[in-house]
Structures are given as C-alpha cells and as structure tokens.
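Residue numbers start from 1 in every chain, and the chains themselves are labelled A, B, ... in the order their sequence lines are given, proteins ahead of strands. Computed over heavy atoms, backbone and side chain alike; hydrogens, waters and symmetry mates excluded.
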There are 2 protein chains.
Amino acid sequence: MTIYDIAEKAGVSASTVSRVINNKPGIKAATRDKVQKLLKEYNYTPDENARGLVNKATKLIGILMADIRNSHHSELAYVVEKKLREYGYCSLILNAGYEPKMMAESIRILEQRKVDGIMLVGSAFQNDIVEKELRERMSDKPVVMANGYLDLPNAYGILVDERDGIRQSVDLLYSKGKRKIAFIVNLGTPSSYEKLHGYEDGLAKHGLSEEKMIIEVPETTIESGFIGARELVGKHPEVDAVICAEDLMALGVIRILNELNIKIPTQMAVVGVNNSVYGEVSFPSITTLDNKMSETGLMAAQILVDCLSGEEKPHKIMLFSTLVERETT
Amino acid sequence: MTIYDIAEKAGVSASTVSRVINNKPGIKAATRDKVQKLLKEYNYTPDENARGLVNKATKLIGILMADIRNSHHSELAYVVEKKLREYGYCSLILNAGYEPKMMAESIRILEQRKVDGIMLVGSAFQNDIVEKELRERMSDKPVVMANGYLDLPNAYGILVDERDGIRQSVDLLYSKGKRKIAFIVNLGTPSSYEKLHGYEDGLAKHGLSEEKMIIEVPETTIESGFIGARELVGKHPEVDAVICAEDLMALGVIRILNELNIKIPTQMAVVGVNNSVYGEVSFPSITTLDNKMSETGLMAAQILVDCLSGEEKPHKIMLFSTLVERETT
DNA sequence: TTGTATGCGTTATCAT
DNA sequence: ATGATAACGCATACAA
C-alpha cells in the first residue's frame, strides 16, 4: 500500500495524499476527510525509509554500548530508547564490545544506516580510534556520549563526577572511624581512572595518603571481587574499609567476607559504585555511589533530539553522583 | 558520496560502480580495480535505506521486549543482536512494556520501518492483541518468539519447558527430604502459569498434592519476595522449602530468612528461576532453574535469518531447562 | 486547491 | 563489458 494506491482509490493525485499525511495546509476539507478515511481503512503507514531518502533524515539513532547485559548500560539504553521514541526516533542498538576496532566497525555500520545521530554509552568509547572514526564518518551529525567526553565539534558529553563521588565515599568511611581504606579497581576505562583519582583525593583530604592501598583486578566481575577480597584479607589484615569501583566487585568482596565471618561493617566496611540492583539485593545491602544513570540517559537523549532540531546545546555537562547509604557502612 | 560521484571520478557509469560494489560478474579487472580504489579512497559505503527501497529488504530486524532492564531480556537481546549482525542485519530494539496496547503500537512502528522480521522476547507477547496486530501488519514477514508461541502461519516459537523444570525442582527438594513445598509466583504471564503447572505436577508425582501452597504476589520484584516470605513464615511456619518463579523474588525471600535467622537450606530451602547473576551473587547462592536464555536467543536468531533466506523451519521448538544446584538446597 | 514532474541513492533490465 | 533508463515510495517545487 503506497500513496499512489491511496490516491487512486480516492480519485486524487499522490501529492494530495502526501499533503494530507503530513498535515500540509491548502487542502479542501472534503478531500482531506476522504483521503483520511482511506488511510485508516487500508491501515496505511508511510515507509519511513523512503521518507528518509527524500528528507535526508532517517529518524534513526544509533546507540553504541560495550555490552547491553551490563545493567549499567541497559538502564541507560532503556531511558534513552523511550525518550527518543517520544520524538519519533527509533533506536538502532549495537553491542560493540570493549575492543576499539569493533567500536569503529560499529560506527561504520551506523554510517551506512544513515542514522541521524549517535549515542555512545560508557567511557569505554573515549579513545582515539573511536574519535578518528567519528571524525571521518560522522562529522556532520550529533554524537552524544553518556558518561564520557570527546573533543569533537559535533560531540556532546554528559559526565558524572565519579571522582567527587569516590571522594565522598572516603569522607563517609572516615566519618565512620575508618582509617585504613583500600580501593579495588579494574583500570580498564577512563572512568576507572577518575574513580582512582577520587580515592586519592579523599585520602589526601584526610591526611591518609600514606595508607593508600590500591588492588588492581583483571575485570569488573564478581570473581574480581573474590580476587580482590582474598588479596585484601590475606596481605592486608589491617584494612578496615574497602571501596570497590563497581557494585559487582563489592558483591564478590562481601561474599568472601561473609564466608570468612568478617563482620560488616564493623570489621570491614564496603562501598560500591553504580547503585545497581545488586547493591539493593545484596545481604547485607551495599552502600553505593549513585552515578545517575537514568538522569544521564535522559539528559543525553534530550540533548541529542534538541541538537537534531537545531538548538544550541552545551558540549559538556557534569552531573553529580550521590551516596546511597545502606548496611555495609 | 554516492555511486554517481564515484562513477564520475572513475570515468564510468553508476551501474558499473554498483556492479563492482555488489561483486557482480562481467567487469573488466582493470575497471574493477580502479573503482575499488576510489571506493576505498573516499570511504564510500552504500546507503542501506536506498538499497532497501529497491531491494524490498531493509536488513532491519525489530526486537520487541517488555523491558531491556530485565536481565533476562537483555541477555537474550545481546545474543540475538550479535547473531543477527553476523548476517548483516541491524536490530531495532523497542521497549514495549507490559501493556498489550503499547506492544501493538510498537508493532506499528516496526511496520513503518519496514523491518524484514520481528523477534518477540518473552511470553508476555503471547496475547490476542499482539496476535491481531501481527496478523494485520506482519503477515508476510517471519515473527520469532523467544520463550513463547503464537499460532500464526508466519510465527515461530522457541519455548523453554519451564513446567518440566519446576517439576524437576520439586523432585530435587523432595530428594532433600522436603515435604512442605510452597510456590511464590506472580501470575502475570503465560510462562508463570506453565511454572505453576510444573509445581502441581511435581507435588502430584510425590503424592504431595494435599500440601499445595501457592502464594501470589503483585510483581516479580525483590519486594514481592519480601511479601511472599513474610506471608510464608507468618502464616505457614511448617513450610520447609519454597520455589520462587523468578530469582529476584528468591533473593527477597532469602533476605527475609537471613534477617529472621532462619537457616538455609536446613530450615528452609529456596529455589529460583532464570539462572541470573542475582542467583550467583546471592548469599547464600541460589539453586535455580537455567531456562537457557542464551541458547533460546541464539536459536531464535538463527531461525529468523534462516526463514529470511527462504529455508523451511519448524514452527515450534522446545528447549529443556536444567537445574543449577547451589547453596540454597 | 490540486496535479505534474523531479529527485533522493540504489539496483535491475535492457540495450549496445 | 558497460551504459542508459526505469523503478522503489515519498516529498516538494512549480504549474495550473
């Protein structure tokens, strides 16, 4: 069913049908009604792709993330997709993994699909290869990055001040009397370095820099939590608090502590990051940094659609994370 | 950059360029090389939408799910998106929520986008409104349902035998000496009724039908687990095991039991469903039904692409769930 | 107020 | 082996 079919049945030309569909003025009410009736009757919906061809706008947005199974990413994707849909955009979601080469490949796919804009989810996309690919293939379209920033004229970044957030965590632990505070982290993303700096800031603020204890782990999984916890209790029994760069790792730590019958939070306090469901459901429940994924996603989506409708928008926005205190502190 | 631009630079016609791009035979090697060099040089990629217009195939697949934040759904979406991409398809992911009307609306959007096929994730889509909408708007395109089935000539369903799975759970609990086995469930989806029947099957098998104890809860959240657990320990102190229709509810139950100092699994055994990360990270870790989300997704995606390339495929496939025994039994 | 003609980027058919 | 042309479904400038 095309506008030509409808036109024929209505006894008008295709352009008239097109005008009715797009609510253009200058159509006799009677004609409009007649056409609209046919439109309903035949369940007609315009072909968005054909529209895109002439309008030079597909109403398609590419959403790139490392892995949608990461609750962090899926939460963001959820709000972004919903918001974009309100404005008539459809979301092309691609799992690009953590390899910059695969990210570049995904950007190529999105170029080919002629998306109107791109949303990058996660600071993992903050790398040279992605930047180069965007510069070459997406220089004329808005690129919004959730939780990161790229220095491109058409790029916009919504950042969460995780550095400050981790500093807050140190404050909290300090106020609880903790003085030997460790930090478990996988240094795989720019964001993890931000957190590391926040940890150092916090220690410095309280004159604890000498006590710095960073435990690097291979991933951000619960197993990495196990590894980190074992190293902690094995080599550094004096530690009385630990900040984990992700809730999942905190979960692993807690499990080991539970198994070893180390009392939480009296003997060992634990802080996580992400305010994920994991933190809520853990026993004991985890004090965690809320890095505002929903707000970030909402704002990122809003900036994208605003840019798409020609508005001027700031290229860098900073959101502040807040601590959610639960049972582990 | 279009094929005309490339053609001009190469001193050939657009058709020749098109032939080179699509590896059609009957092109002089020299011409082919010259064109290919230009293609690389200008970073040319064909416009998939324009292609779709003439090919009558967009290489777009619509993936419909209630909520991508549900780990169950995101895991499936992940494998599906990856598999589809291998075959050159792009995934349009829509969160349709749990309202049939919104699901129908989403199907309309996908029709408008001229997707080549649809993947429905979750038995929530197994309802009359969705069926009607598919019949009206998608009768000529393959529709694959992960974890459910629709009786449409163009529909394919990958089902997981959760009924049998829950029956297995009862077997396990019985073998552990449990005789008062309760079942906590939110009866919101067809799948939940399957599980209920499995519970009844299991009881019947062991002559325990008299002991049937079903606790209905309002949602499938951890809070529903709280509610179920409180009702359980409050009104039915004799119960020695409970099967929860979702891991998240099992998590809630475990938390309450922990707080009340009820020993798991000796005083009360717990079984969940989904084999989610939640079950792994819980303390104690949850014995759960693995309902094979990755396998289901992989198979669903494969069937979709096979149908799209004209192959005949079975309309109904059943996968079997397996029990993952952990600390709660 | 409405119709005709054209073009968007591509592939396919028919010539040559 | 290659080019001209039509067609896909739609929107729009221009004509009437």
Just how far, in rounded Å, is [atom2] of [N] from [atom1] of [X]?
X: A/R113; N: C/dG9; atom1: CZ; atom2: P; answer: 17 Å
X: B/K28; N: D/dT2; atom1: NZ; atom2: C1'; answer: 10 Å
X: A/E48; N: D/dC8; atom1: CD; atom2: C1'; answer: 16 Å
X: A/N23; N: D/dC10; atom1: CG; atom2: C1'; answer: 16 Å
X: A/I3; N: D/dA11; atom1: CD1; atom2: C1'; answer: 7 Å
X: A/I6; N: D/dG9; atom1: CD1; atom2: P; answer: 13 Å
X: B/Y44; N: C/dT10; atom1: OH; atom2: C1'; answer: 7 Å
X: B/R19; N: C/dT11; atom1: CZ; atom2: P; answer: 11 Å

Query raised in the report: Under 4.0 Å between a side-chain N/O of A/K56 and OP1 or OP2 of D/dA11, yes or no?
Result: no
Query raised in the report: So does A/R51 get a side-chain nitrogen or oxygen closer than 4.0 Å to the phosphate oxygens (OP1/OP2) of D/dC10?
Result: no
Report task. Answer yes or no: is there a side-chain heavy-atom contact under 4.5 Å between B/Y44 and B/I21? Result -> yes
**Report entry** Presence of donor-acceptor pair under 3.5 Å, side chain of A/S15 and base of D/dA11
**Finding:** no
Base, sugar-phosphate alone, or nothing: which one does [X] contact when heavy atoms must sit under 4.0 Å apart?
X: B/N22; answer: sugar-phosphate
X: B/N49; answer: nothing
X: A/I27; answer: sugar-phosphate
X: B/T2; answer: sugar-phosphate

When you get a sec, tell me which of [options] is the closest nucleotide to the side chain of [X]?
X: B/T31; options: D/dG9, D/dT2, C/dT11; value: D/dT2
X: B/V12; options: C/dG3, D/dG3, C/dG9; value: D/dG3
X: A/T16; options: C/dG9, C/dT2, D/dT2; value: C/dT2
X: A/D47; options: D/dG9, C/dG9, C/dG3; value: D/dG9
X: B/A50; options: D/dT2, D/dG9, C/dT10; value: C/dT10

Query raised in the report: Taking all non-hydrogen atoms of both residues, which atom of A/I63 and which atom of A/M65 are closest, and how far apart?
Result: CG2-CE, 3.6 Å
Query raised in the report: B/Y42 ring centre to B/K9 NZ or CZ under 6.0 Å, with the angle to the axis within 45°?
Result: yes
Report task. Keeping the roles fixed (side chain from B/N291, backbone from B/E162), state whether a donor-acceptor pair exists under 3.5 Å. Result -> no
Query - Residue mapping more 5' on DNA chain D - nearest nucleotide basis, A/K24 or B/R32 - result: B/R32
Query raised in the report: If each of B/Y4 and B/N55 is mapped to the nucleotide of DNA chain D with the nearest heavy atom, which maps nearer the 5' terminus, i.e. the 5' end?
Result: B/Y4
Query raised in the report: Would B/M145 and B/L134 count as a side chain to side chain contact (heavy atoms under 4.5 Å, CB included) if you check the C-alpha gap in whole Å, the side-chain angles of each, and the deciding distance to 0.1 Å?
Result: CA-CA 12 Å; B/M145 185 150 176; B/L134 288 173; over 6 Å; no
Requested in this report: Inspect the contact between A/R108 and A/E133 and indicate whether a charged nitrogen and a carboxylate oxygen are less than 4.0 angstrom apart.
Outcome: yes
